[in-house]
Chemist: 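Have a look at this one.
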Amino acid sequence: MNEQKTTIPEVFLSPYNPAEHEEKLYKMWEESGFFNPDVCIEKGVTTPDAEIFSIVMPPPNANASLHAGHALFVTIEDIMIRYARMQGKRTVWFPGSDHAGFETQAVYERHLQKEGRSRFDMTGEELRSEIWDFVQTNKAIMENQVRSLGASCDWTRELFTLDERVIKIVHNTFKKLEEDELLYRGARIVNWCPKHQTSFSNLEVEHEDRNDKFYYFQYGPFVIGTARPETKFGDKYVVMHPNDERYKEYKHGQQIDLEWINGPITATVIKDEAGDPEIGTGVMTITPWHSGVDFAIAKRHDLDFEQIIDWRGKLLPIAGEFAGQDIKTAREQIVAKLKEKGLLVKIDENYQHSVPCCYRCGREIEPQIKDQWFVSMKPLAEKALHALDDKRFAFMTDRDERVFRHWLENIEDWPIARQIAWGIPIPAKICTQCEHGMVDLDDSIKTCTKCGGDVIQDPDTFDTWFSSGQWPLATTSYPNGDDFKTYYPTSVMETGKDIIFFWVARMIMLGLYRTGEMPFKTIYLHGMVRDKKGLKMSKSKGNVIAPSEIQEKYGTDALRMGLIVNNVPGADMNLDSDKVNAYKKFANKIWNIARFTLDSITDMSSDAVLNTSDNENIENNLRVQIVAITKDMDSNRFDLAAEKAYHFVWDYFASTLIEESKTLLASTDSNIKQSRQRLLSEYLISALKILHPFMPFITEAIWQEIPKEMKDADILMVAKWPK
RNA sequence: GCGAGAUUAGCUCAGCUGGUAGAGCGUCCGCAUGACAUGCGGAAGGUCACAGGUUCAAGCCCUGUAUCUCGCACCA
């Protein structure tokens, strides 16, 4: 120990203990007001005309604790924000939380189920009110977890997706879509989940590959094939390709009497190009109410529509003796009856197909016809494609751009209503007589504008993604807010690649639609966080890693480093606690570097002159590292920047510089000694700054122990990025 | 069916515009050395999936093959 002086603060005498510092430091940051750019301007940390850097946080669902994916996005975005702030940019990060309509309701329904209750025994109002309370509690927990991760977002600008401001924008968009004739209400095929009793967009439907039986039945003179005999009761149209030579004797519109499941029927021949001669026998019957393809054929030829299966998945009276049966149990019995009647030709036991399922419960989706609000997406998608062509925004990686483009070029209209209580109500009236729907923002419509009949409030709510798609508008207070004028378009949209269509594409389309401008300039999509073996985390596998547990065990800084190093933008990454532990050790290393450095410095004045070799060291070593790391930061390669910083600090600063300093500091030549002290001081200051975006807590904890004369700011968070 | 990505040390993965392979963990040997044993010094371990090609030079570029993963779409 150096006998001359003992300025070393006592905290350094024991290893770095994250739990001791993190909460206090976050409180200090939050109370300093520097998360808020207005305060930064007021206190001279940044200037009003400084370059703008803004991010809208993907609002976590207010229905559960944070998972590893949240920890990843908070880390990446906080790195961006802290880096920008240290560069003196006018920086803001808009936090928020999402009511997550269907998701939250589904979570809450499970709670109800545990209590032996069901939402179907409650009014929408009761359900809404209970979920509201549930969400308030979870929202607070979630926000504190975001804080614990070190997120330097501006809480004074926080927003919830059910706040008035959001609802107003969403309602106005709905109205504008109607005025621009981009909104229509019509009876179309929807993806209906018989369990959740709501419709979904195509994005919410998952396809499960299955091996099922495929049945061939005699249908008059034809043999038809189907995997779903239970839908066939109403089939009275037989479709084939117009050019199929095998069936040229049959004419379009020709009627044929034949025996079918429940007795004789009259079938009509339809020639349509949707009939693929290559599949099965080239002949099919159609069920327009329960199939999108069949629906389209029926529309083209103005055919009848009949519902066979009810909203709960049970057969309707058209099924005769099978009415009331659940379709899952009815199938075999129907086949048995057809066999009895001699109409079963054969069964292919090994038919491979993929079945649409509810992404949440896995139950088979039943296509149904339902009157729904749809948004015409093609005009909106074209605007987005033009913006992409004009390079008004860019993806970090080309592959994201290709995927995005492909989706937009093949976009389908968007059903935006959900039959659930938890969400933003659709401001519309529905006629009880003619089903006509009327947009009504101010509750002024009392009778049907079409038939004069009675109207009721539309009981549905918006698809969560319809409101989330307007999130950048809401957070910045479109259209008149100062934030909108200052921070829109935002600099970067950073979110998971799994929601590129759900969210990113919708924000782009709706943002362009409302403002004519892109909601953001750069899109950074991160991959999924998996467990240490690369498996998807799931409760059933028991491999879910809760960020809070990792934080407690290794510290938040270590978690952040574990999430960022080696994590290539867009690629999935594996979270391994051994890796996080390595960064816990690194945190302790930094701690001891600071201890050694501060202990070595006897003279705090910065006027010590660097000797030639130390000066060269700064120029050829420190500066070079800073430039390299800054370059990685500027290209959003935080994985590389973090790794460089790690090696620079450990392998050079600690292993080389400090080791050689031990002899130099003992020199009797005061110039050598003082020069060395100043060199170490510069290294420490720079290292802390470089590491701060990645490891904000420990770097700030050390910064707070550094004598004022040595530093350019009281709080590291607002110190200047080194050059 | 359309499209994308992956294949590098025992494990999990980096390697940015081509120049004799890197990290973490693990393994082996040694060590109290003005901070740190959450440490220090050292070592072993890779024909960079395979086959061709371009180049003075290829893990990196081109062609093909194999295996795996993911996304989208369709299904009578």
Chemist: Would you mind classifying the nucleic acid contact of A:V239 as base, sugar-phosphate or nothing, using non-hydrogen atoms under 4.0 angstrom?
Modeler: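 Nothing, no heavy atom under 4.0 Å.
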
Chemist: Are A:H21 and A:W591 an aromatic pair by the rule of ring centers under 6.0 Å?
Modeler: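 Aromatic pair counts; centres sit under 6.0 Å.
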
Chemist: May I ask you to say what A:F501 touches in the nucleic acid, namely base, sugar-phosphate or nothing, with a heavy-atom cut-off under 4.0 Å?
Modeler: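 Answer is sugar-phosphate: A:F501 comes under 4.0 Å of backbone atoms only.
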
Chemist: Contact class for A:H207 vs. all strands (heavy atom < 4.0 Å): base, sugar-phosphate, or nothing?
Modeler: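 Counting heavy atoms under 4.0 Å across all strands, the contact made by A:H207 includes a base.
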
Chemist: Measure from the ring center of A:F12 to the ring center of A:F596 and say whether it is less than 6.0 Å.
Modeler: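 No.
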
Chemist: Go ahead and name the base partner of B:G26; Watson-Crick or wobble counts if both distances stay under 3.5 Å, otherwise write none.
Modeler: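 Across any shown strand, B:G26 pairs with none.
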
Chemist: Between B:C40 and A:K589, is there an OP1 or OP2 to side-chain N/O distance shorter than 4.0 Å?
Modeler: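 A:K589 to B:C40 OP1/OP2: side-chain N or O found under 4.0 Å.
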
Chemist: Check every strand shown and say whether A:L665 touches a base, only sugar-phosphate, or nothing at a heavy-atom separation below 4.0 Å.
Modeler: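 Counting heavy atoms under 4.0 Å across all strands, the contact made by A:L665 includes a base.
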
Chemist: Between B:G59 and B:C48, how many Å separate the two C1' atoms, rounded to a whole number?
Modeler: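 The answer is 5 Å between these two C1' atoms.
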
Chemist: Using atom C1' of each nucleotide, how far apart are B:A21 and B:G45 to the nearest Å?
Modeler: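 B:A21 and B:G45 have their C1' atoms separated by 13 Å.
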
Chemist: Give a yes or no on whether a salt bridge exists between A:R360 and A:E206, defined as a side-chain N under 4.0 angstrom from a carboxylate O.
Modeler: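 No.
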
Chemist: Using heavy-atom distances to pick each residue's nearest nucleotide on RNA chain B, tell me which of A:N202 and A:F214 is more 5'.
Modeler: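 Closer to the 5' end of RNA chain B: A:N202.
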
Chemist: Which nucleotide, in any strand shown, forms a Watson-Crick or G-U wobble pair with B:U17, with both distances under 3.5 Å?
Modeler: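 The answer is none; no pair meets the criterion.
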
Chemist: Have a look at A:R402 and say if it touches a base, only the backbone sugar-phosphate, or nothing, with a 4.0 Å heavy-atom cut-off.
Modeler: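 If one applies the 4.0 Å heavy-atom cut-off, A:R402 turns out to touch the sugar-phosphate alone, with no base involved.
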
Chemist: Could you work out which one of B:C72, B:G15, B:A35 sits closest to the side chain of A:L640?
Modeler: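 Taking heavy atoms from C-beta onward, the closest nucleotide is B:G15.
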
Chemist: At under 4.0 Å between heavy atoms, what does A:N566 touch on the DNA or RNA strands: base, sugar-phosphate, or nothing?
Modeler: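 Base contact.
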
Chemist: B:U38 C1' sits how many Å from A:N17 CG, rounded?
Modeler: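 Interatomic distance, CG of A:N17 to C1' of B:U38: 12 Å.
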
Chemist: If B:A9 has a Watson-Crick or G-U wobble mate with both distances under 3.5 Å, name it; if not, just say none.
Modeler: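 Paired with B:A9, as far as the under-3.5 Å criterion goes, is no nucleotide at all.
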
Chemist: Considering Watson-Crick and G-U wobble pairs with both distances under 3.5 Å, what does B:G59 pair with?
Modeler: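 Because no pair has both required distances under 3.5 Å, B:G59 counts as unpaired.
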
Chemist: Within 45 degrees of the ring normal and closer than 6.0 Å to the centroid, is that where the cationic atom of A:R402 sits relative to A:W407?
Modeler: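 Not satisfied by the 6.0 Å and 45° rule.
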
Chemist: Check every strand shown and say whether A:D294 touches a base, only sugar-phosphate, or nothing at a heavy-atom separation below 4.0 Å.
Modeler: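 If one applies the 4.0 Å heavy-atom cut-off, A:D294 turns out to touch nothing in the nucleic acid.
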
Chemist: For the side chain of A:V568, counting heavy atoms from C-beta on, which of B:A35, B:C74, B:A14 is nearest?
Modeler: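 Nearest to the side-chain atoms of A:V568, counting from C-beta on, is B:A14.
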
Chemist: With heavy atoms under 4.0 Å as the rule, sort A:G275 into base, sugar-phosphate or nothing.
Modeler: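 Base: the residue A:G275, judged by heavy atoms under 4.0 Å, touches a nucleobase.
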
Chemist: What is the separation between atom CZ on A:F586 and atom P on B:A35, rounded to the nearest whole Å?
Modeler: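 Distance, rounded to whole Å: 19 Å.
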
Chemist: Checking all strands, does A:I593 fall into the base, sugar-phosphate, or nothing category for heavy-atom contacts under 4.0 angstrom?
Modeler: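 Contact class for A:I593: base.
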
Chemist: Hey, is the side chain of A:R637 poking within less than 4.0 Å of OP1 or OP2 on B:G15, counting only N and O atoms?
Modeler: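 For A:R637, the contact criterion (side-chain N or O under 4.0 Å from OP1 or OP2 of B:G15) is met.
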
Chemist: At less than 4.0 Å, is any side-chain N or O atom of A:N588 found next to OP1 or OP2 of B:C36? Yes or no.
Modeler: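 Looking at the OP1 and OP2 atoms of B:C36, neither is under 4.0 Å from any side-chain N or O of A:N588.
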
Chemist: For A:K584, answer base if it contacts any base atom (sugar-phosphate contacts may also be present), sugar-phosphate if it contacts only those atoms, and nothing otherwise; contact means non-hydrogen atoms under 4.0 Å.
Modeler: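 Base: the residue A:K584, judged by heavy atoms under 4.0 Å, touches a nucleobase.
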
Chemist: Taking a pair as Watson-Crick or G-U wobble with both distances under 3.5 Å, which nucleotide is matched to B:A44?
Modeler: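 Base-paired to nothing in any strand shown.
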
Chemist: When we call it a touch if two heavy atoms are under 4.0 Å apart, what does A:A587 touch: a base, just sugar-phosphate, or nothing?
Modeler: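 A:A587: no heavy atom of the nucleic acid under 4.0 Å.
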
Chemist: If you check every side-chain atom of A:S354, which of B:C74, B:U38, B:U17 has the closest atom?
Modeler: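 That would be B:C74.
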
Chemist: Determine the contact category for A:A594: base if any of its heavy atoms lies under 4.0 Å from a base atom, sugar-phosphate if only primed atoms, P, OP1 or OP2 are that close, otherwise nothing.
Modeler: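 No contact.
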
Chemist: What I want to check is whether an N or O donor and acceptor connect the side chain of A:E401 with the base of B:A4 at under 3.5 Å.
Modeler: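 Under the 3.5 Å cut-off, the side chain and the base do not form any donor-acceptor pair.
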
Chemist: According to the Watson-Crick and G-U wobble definitions, with both distances under 3.5 Å, which nucleotide is paired to B:A73?
Modeler: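 Base-paired to nothing in any strand shown.
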
Chemist: Counting Watson-Crick and G-U wobble pairs only, both distances under 3.5 Å, name the nucleotide matched with B:A35, or none.
Modeler: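 In the structure as shown, B:A35 has no Watson-Crick or wobble partner.
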
Chemist: Report which part of the nucleic acid A:D578 touches: base, sugar-phosphate, or nothing (heavy-atom distance under 4.0 Å, all strands).
Modeler: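 Result for A:D578 = sugar-phosphate.
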
Chemist: Inspect the contact between A:R405 and A:D389 and indicate whether a charged nitrogen and a carboxylate oxygen are less than 4.0 angstrom apart.
Modeler: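 Salt bridge: yes.
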
Chemist: Any side-chain N or O of A:W650 below 4.0 angstrom from OP1/OP2 of B:C40?
Modeler: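 Answer is yes, contact under 4.0 Å.
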
Chemist: Need the pair for B:U65. Rule: Watson-Crick or G-U wobble, both distances under 3.5 Å, any strand; none if unpaired.
Modeler: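 By the stated definition (distances under 3.5 Å), B:A49 pairs with B:U65.
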
Chemist: Ignoring hydrogens and angles, are the base of B:C16 and the side chain of A:S635 linked by a donor-acceptor pair under 3.5 Å?
Modeler: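 Looking at the base of B:C16, it does not pair with any donor or acceptor on the side chain of A:S635 (distance under 3.5 Å).
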
Chemist: A:Y683 OH to B:A35 C1': how many Å, rounded?
Modeler: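 It works out to 18 Å between those atoms.
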
Chemist: Between A:I658 and A:A582, which is nearer to the 5' end of RNA chain B once each is assigned its nearest nucleotide?
Modeler: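 Here A:A582 is the residue nearer the 5' end.
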
Chemist: By the definition side-chain hydrogen bond (donor to acceptor under 3.5 Å, both in side chains), identify the one residue from A:D304, A:T268, A:T285 that meets it with A:K236.
Modeler: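 Of the listed residues A:D304, A:T268, A:T285, the side-chain hydrogen bond (donor to acceptor under 3.5 Å, both in side chains) partner of A:K236 is A:D304.
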
Chemist: With rounding to the closest Å, how many angstrom separate the P atoms on B:G15 and B:U7?
Modeler: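 Result for the P pair: 9 Å, nearest Å.
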
Chemist: Heavy atoms only, 4.0 Å cut-off, all strands: where does A:A274 land among base, sugar-phosphate and nothing?
Modeler: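 Base, at least one base atom sits under 4.0 Å.
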
Chemist: Please state how far atom CG in A:L684 lies from atom C1' in B:A35, giving the value in whole angstrom units.
Modeler: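 One finds 12 Å between C1' of B:A35 and CG of A:L684, rounded.
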
Chemist: Would you please indicate if the ring centroids of A:Y646 and A:Y583 are separated by under 6.0 Å?
Modeler: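 Yes: the rings meet the under 6.0 Å criterion.
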
Chemist: Could you tell me if the ring centre of A:Y524 sits under 6.0 Å from that of A:H526?
Modeler: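 Aromatic pair excluded; centres sit 6.0 Å or further apart.
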
Chemist: Could you give the CD1-to-P distance, from A:I297 to B:C74, as a whole number of Å?
Modeler: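 Taking atom P of B:C74 as the reference, CD1 of A:I297 is at 14 Å.
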
